Every structure is written in structure tokens, then in C-alpha cells.
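Report on the structure given below.
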Amino acid sequence: LEKMTDLVAVWEVALSDGVHKIEFEHGTTSGKRVVYVDGKEEIRRDWMFKLVGKETFTVGATKTKAAINIDAVSGFAYEYTLEINGKNLKQYIENRLKTTNTWILNLGGTDYRIVLEKDTMDVWCNGQKMETAGEFVEDGTETHFTVADHSCCIKAVSSGKRKEGIIHTLIVDNREIPEAVE
């Protein structure tokens, strides 16, 4: 394995199908640009005469759009910014906190990362989109699915406050799971 001598940036990005590691190599003398996603080479460009610019690629099972912007700061110093779905990483993370809920739990010695996409009500578990069954109940909705023979349910109830909106709670084997902060 070739050593990453020109590694200039590493980002961790939480998507519905998991947390992905993005690494970027930029050879300012060779003009080389290499993008790795989860250790796999996605883009390789050798002998680029233009040292600034943008590299676009996709991340994860959902083929989420990503781009690395390369900007000259001064002289031979460069700044690297990651965009996800057209937003800088900070904006993307802030938006994601509003549009998803994430829970991390351990069942029978195995860790599971469960993500609810609030806009579509899709549920992901360890990178797989889950088969779910939704039903209306007296105080809101319930989305049922199974993880490793454990019955799971995401309850959606109104907070009664307009600013808070709907509260989503994960219940596994009749036990409430606290939401994770990623």
C-alpha cells in the first residue's frame, strides 16, 4: 500500500447509511489529487497544472453528492473545504440535526446505529434501509421494524409546541433508547 504522503485533509461524515471517512491527498509539487472514501480510492488525478479547483464525487449507499474545494490562501498555502449536497460541512451537519434522529444501541453484544430520516420516514440500520410498517395511533404514529429479532418502534408524537414540532422516540423491547449525538 502506497503511503499517503500528501494527505492534507480528513473528514468524518455521518450519513443515513453510516459514518464515512473522506481523505484527500494534494501534491502541490506533483499536482496530484486523490480522494478516498472509506479507504477506497474514488478519484486520482496526476500532474494537474492548476492547483486550485474542485473535485466532485459521491459518498455511501445513497450516492450523496460531495465536493472538495481547493483554494489558495496565500503563496503556497491551500485551504480544503468539504461540501455535502451543496452545503459546507457545518451547514450540512446543522441541517442534518433537524432532518434526522440517530440512536446507537447494543443488542446481544452487537452495536447498531439506527437513523430516522424525518422527511421520508425512512429508517436505516447499520447502512441498510429497513422494511418498516407505519400505523396511526391515538397520540401520533408508530413505525415498526425488527433488528436482530428485537421488535423496534419509532413513536412520533406532537410536542404541543410549534417550535419543537414532533418528538421521535425509539423503543426497543419496550425500552426507550436515548438519542445519540454525532
Side-chain angles (χ1 to χ4, degrees), residues 1-105 111-132 143 145 154 163-166 168 170 179-182:
L1 192 75
E2 176 190 328
K3 220 165 112 242
M4 288 193 237
T5 51
D6 295 322
L7 188 68
V8 292
V10 178
W11 296 275
E12 298 242 321
V13 180
L15 300 177
S16 295
D17 70 332
V19 179
H20 298 279
K21 186 177 185 180
I22 298 169
E23 297 166 291
F24 183 55
E25 285 185 53
H26 189 216
T28 52
T29 50
S30 65
K32 176 180 77 172
R33 295 182 190 175
V34 188
V35 175
Y36 298 92
V37 177
D38 298 325
K40 185 178 159 285
E41 189 174 295
E42 287 294 316
I43 296 172
R44 174 177 289 270
R45 299 191 203 291
D46 291 306
W47 305 108
M48 297 277 297
F49 292 106
K50 197 169 169 222
L51 291 172
V52 295
K54 184 183 229 174
E55 292 297 339
T56 56
F57 53 100
T58 61
V59 179
T62 53
K63 298 274 180 231
T64 302
K65 283 193 221 107
I68 296 172
N69 294 305
I70 307 151
D71 298 298
V73 183
S74 66
F76 291 101
Y78 297 89
E79 182 179 76
Y80 308 96
T81 51
L82 179 68
E83 285 179 6
I84 303 289
N85 278 339
K87 294 180 169 77
N88 72 43
L89 193 56
K90 185 176 185 281
Q91 291 170 323
Y92 171 78
I93 290 167
E94 285 167 3
N95 183 56
R96 192 165 165 77
L97 288 172
K98 294 178 194 139
T99 60
T100 62
N101 287 77
T102 303
W103 297 273
I104 302 207
L105 64 150
D111 287 329
Y112 294 94
R113 178 178 178 271
I114 296 172
V115 177
L116 168 69
E117 293 180 354
K118 295 182 205 177
D119 49 354
T120 59
M121 292 306 285
D122 285 342
V123 176
W124 291 76
C125 178
N126 289 3
Q128 299 295 311
K129 195 167 156 187
M130 303 300 286
E131 280 291 320
T132 61
T143 303
F145 57 101
I154 295 175
K163 271 199 184 325
E164 278 179 48
I166 295 168
H168 296 88
L170 174 65
E179 194 174 344
V181 179
E182 290 190 304

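Just so it is clear, the structure is predicted and the values come from calculations on it, not from any experiment.
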For [X], all residues meeting side chain to side chain donor-acceptor pair (under 3.5 Å), sequence neighbours excluded:
{"X": "Gln128", "value": "none"}
{"X": "Asp119", "value": "none"}
{"X": "Thr29", "value": "none"}
{"X": "Lys98", "value": "none"}

For Asn95, all residues meeting side-chain contact (heavy atoms from CB on, under 4.5 Å), sequence neighbours excluded: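 So Asn95 forms a side-chain contact (heavy atoms from CB on, under 4.5 Å) with Lys87, Thr99.
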
Counterpart residues, side-chain contact (heavy atoms from CB on, under 4.5 Å), relative to Asp46 (two or more places apart):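 Partners of Asp46 under the side-chain contact (heavy atoms from CB on, under 4.5 Å) test: Lys32, Arg44.
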
Show every donor-acceptor pair shorter than 3.5 Å between a side-chain atom in residues 52-68 and any protein atom, with sequence neighbours excluded, or say none if there are none.
| residue | atom | partner | partner atom | Å |
| --- | --- | --- | --- | --- |
| Glu55 | OE1 | Arg45 | NE | 2.8 |
| Glu55 | OE1 | Arg45 | NH2 | 3.0 |
| Glu55 | OE2 | Arg33 | NH1 | 2.8 |
| Glu55 | OE2 | Arg45 | NE | 2.9 |
| Thr62 | OG1 | Thr64 | OG1 | 2.8 |

Show every donor-acceptor pair shorter than 3.5 Å between a side-chain atom in residues 71-85 and any protein atom, with sequence neighbours excluded, or say none if there are none.
| residue | atom | partner | partner atom | Å |
| --- | --- | --- | --- | --- |
| Tyr80 | OH | His26 | ND1 | 2.7 |
| Glu83 | OE2 | Asn69 | ND2 | 2.9 |

Would you please name every residue forming a salt bridge (charged side-chain N to carboxylate O under 4.0 Å, His left out) with [X], sequence neighbours left out?
{"X": "Glu179", "value": "none"}
{"X": "Lys163", "value": "none"}
{"X": "Asp122", "value": "Lys129"}

Selection residues 10-20 - residue pairs positive for salt bridge (charged side-chain N to carboxylate O under 4.0 Å, His left out), sequence neighbours left out: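 Sorted pair list comes back empty.
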
Carboxylate-amine/guanidinium proximity below 4.0 Å for Glu42 and Lys40: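 Answer for the salt bridge query: yes.
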
